[in-house]
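Because the structure is predicted, anything quoted here is derived from the model rather than measured.
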Amino acid sequence: MIYTNKDILDSYDKNLLDAQNGLKLLKFRATINTPSFAALGGWVFEETICNCLSKELKSLSSTILDQLQISEQFKLSSFKTGSKGVTDFKISKGDKHILLEVKSSGIHATKNLDTYKVYLDIIKAQVGCEYLYINGYETSKHYKQKTQNIFGVDNAFFLDSDADAWEKFVQRVKDILI
């Protein structure tokens with residue numbers, strides 16, 4: 001493994017600071033405050049996870065990245081049995097697909113869990129699709145347990161509380177795609 005859980009979380013912190021500093025340089029800004037909004041942190045975490053995962057997979061096989069297709073904000077309406085809804089990423093290799101939810105911090109409402117249940121039913125109806133979840137910081141044991149109940153223990157990863165979550169996540173992705 002190239003990264004540990006700590007490396008991922010440290011990379012996220014650095015990347016978020018870089019993003020905020022980059023936004024400070026925009027000429028049309030009217031304030032001098034450091035840009036900070038919830039969507040920025042989420043997007044930076046998503047990009048950090050995807051970037052680090054790509055590097056991990058490339059280290060396993062130099063040809064795998066040539067065969068991988070990664071799409072952001074995958075619309076579930078693309079499926080015949082789909083509906084409104086979006087997953088953070090779709091990672092595909094041939095006829096094998098991972099739909100991935102990436103959250104920098106915990107689930108904030110039960111309605112998010114209800115949404116994941118609906119998405120899971122749609123995704124499970126597709127041939128060759130798996131639904132995974134990775135989280136940077138989940139402070140609620142209740143929501144962590146509920147998330148594991150929905151996705152399954154083998155498909156839900158929590159970087160802040162499971163010492164080898166990143167390694168398990170990369171291995172799970174590899175097992176699905178390779």
Side-chain angles (χ1 to χ4, degrees), residues 1-19 38 40-74 86-108 112-113 115-117 119-120 123-124 126-178:
M1 286 291 123
I2 297 171
Y3 299 100
T4 65
N5 292 6
K6 183 178 180 336
D7 295 334
I8 299 298
L9 296 173
D10 288 348
S11 291
Y12 163 66
D13 290 338
K14 180 193 174 302
N15 293 343
L16 182 58
L17 186 60
D18 288 350
L40 178 63
W43 178 79
V44 169
F45 192 71
E46 290 170 10
E47 293 299 316
T48 300
I49 292 296
C50 198
N51 181 46
C52 293
L53 177 61
S54 294
K55 288 177 182 176
E56 293 280 13
L57 294 175
K58 185 176 183 180
S59 77
L60 299 172
S61 166
S62 59
T63 59
I64 191 170
L65 282 183
D66 297 334
Q67 302 166 13
L68 277 184
Q69 294 180 327
I70 300 174
S71 307
E72 287 184 83
Q73 302 300 302
F74 178 75
V86 176
T87 63
D88 295 320
F89 288 100
K90 179 183 178 193
I91 305 168
S92 300
K93 181 179 174 247
D95 61 353
K96 299 173 184 174
H97 312 281
I98 295 171
L99 292 135
L100 180 61
E101 296 290 349
V102 180
K103 301 298 174 225
S104 60
S105 61
I107 293 174
H108 304 292
N112 298 103
L113 296 169
T115 299
Y116 293 148
K117 286 179 195 172
Y119 289 6
L120 180 63
I123 293 165
K124 283 172 66 176
Q126 312 308 309
V127 175
C129 288
E130 293 281 345
Y131 193 29
L132 305 183
Y133 176 92
I134 187 164
N135 182 296
Y137 302 95
E138 177 58 74
T139 57
S140 168
K141 289 180 183 179
H142 171 75
Y143 283 139
K144 179 181 178 182
Q145 182 63 51
K146 294 276 189 186
T147 302
Q148 288 175 320
N149 290 345
I150 293 167
F151 287 86
V153 174
D154 293 336
N155 289 343
F157 307 91
F158 300 88
L159 297 178
D160 64 333
S161 60
D162 182 0
D164 57 353
W166 179 254
E167 185 175 343
K168 289 176 184 176
F169 170 68
V170 173
Q171 185 62 50
R172 182 70 176 125
V173 169
K174 180 184 165 201
D175 291 346
I176 292 168
L177 297 178
I178 300 175

Partner residues of D154 under the salt bridge (charged side-chain N to carboxylate O under 4.0 Å, His left out) criterion, sequence neighbours left out = none

Under the ring pair (Phe, Tyr, Trp, His ring centres under 6.0 Å) rule, collect the residues that match up with F158, sequence neighbours excluded.
-> Y133

Apply side-chain contact (heavy atoms from CB on, under 4.5 Å) to S104 and list each qualifying residue two or more places apart in sequence or on a separate chain.
-> Y12, F45

Interatomic distance, CG@L60 vs CG@L177, rounded to 0.5 Å, equals 11.0 Å

Kindly indicate whether the side chain of E47, heavy atoms from C-beta on, has any atom under 4.5 Å from the side chain of E72.
-> yes

Using a 4.5 Å cut-off on heavy atoms from C-beta on, say whether the side chain of L132 contacts that of I91.
-> no

Counterpart residues, ring pair (Phe, Tyr, Trp, His ring centres under 6.0 Å), relative to F74 (two or more places apart) = F79

Heavy-atom closest pair, residues A163 and N5 = O-ND2, 3.2 Å

Student check: side-chain heavy atoms of Q73 and D88 closer than 4.5 Å = yes

Where at least one partner belongs to residues 129-152, residue pairs that pass salt bridge (Lys or Arg N to Asp or Glu O under 4.0 Å), sequence neighbours excluded | E130-R172

Note, I134 side chain near V173 side chain (heavy atom, < 4.5 Å) | no

Which atom names give the shortest non-hydrogen contact between S54 and I70, and what distance separates them?
-> OG-CD1, 3.8 Å

Residues that D13 engages under side-chain hydrogen bond (donor to acceptor under 3.5 Å, both in side chains), provided they are two or more places apart = none

Can you list the residues that meet the salt bridge (charged side-chain N to carboxylate O under 4.0 Å, His left out) rule with K6, with sequence neighbours excluded?
-> D10

Which distance, rounded to the nearest 0.5 Å, do you find between the NZ of K168 and the CE of M1?
-> 12.5 Å

Less than 4.5 Å apart, any side-chain heavy atom of L53 and any of V170?
-> yes

Could you grab the distance from atom NZ of K93 to atom CD1 of I176, nearest 0.5 Å is fine?
-> 12.5 Å

Partners of T115 by side-chain hydrogen bond (donor to acceptor under 3.5 Å, both in side chains), sequence neighbours excluded?
-> none

d(C52 SG, L57 CG) to nearest 0.5 Å is 11.0 Å

4.5 Å side-chain heavy-atom contact, S140 and I107 | no

Return yes if some donor-acceptor pair links the side-chain N/O of E56 with the main-chain N/O of I2 below 3.5 Å, else return no.
-> yes

Side chains of N135 and T147: does their closest heavy-atom pair fall under 4.5 Å?
-> no

Over 60° means perpendicular and under 30° means parallel, so classify the ring planes of Y131 and Y116, tilted if in between.
-> perpendicular

Can you name the side-chain contact (heavy atoms from CB on, under 4.5 Å) partners of N51, sequence neighbours left out?
-> K55

Could you tell me which residues satisfy side-chain hydrogen bond (donor to acceptor under 3.5 Å, both in side chains) with D160, sequence neighbours excluded, listed by chain and number?
-> none

Excluding sequence neighbours, so at least two apart, what forms ring pair (Phe, Tyr, Trp, His ring centres under 6.0 Å) with F169?
-> F157, W166

Atom pair CG/CD of N155 and E101 - distance to nearest 0.5 Å = 12.5 Å

From N15 atom CG to I49 atom CD1, the distance as rounded to the nearest 0.5 Å = 10.5 Å

Salt bridge (charged side-chain N to carboxylate O under 4.0 Å, His left out) involving D18 - partner list, sequence neighbours excluded = K14

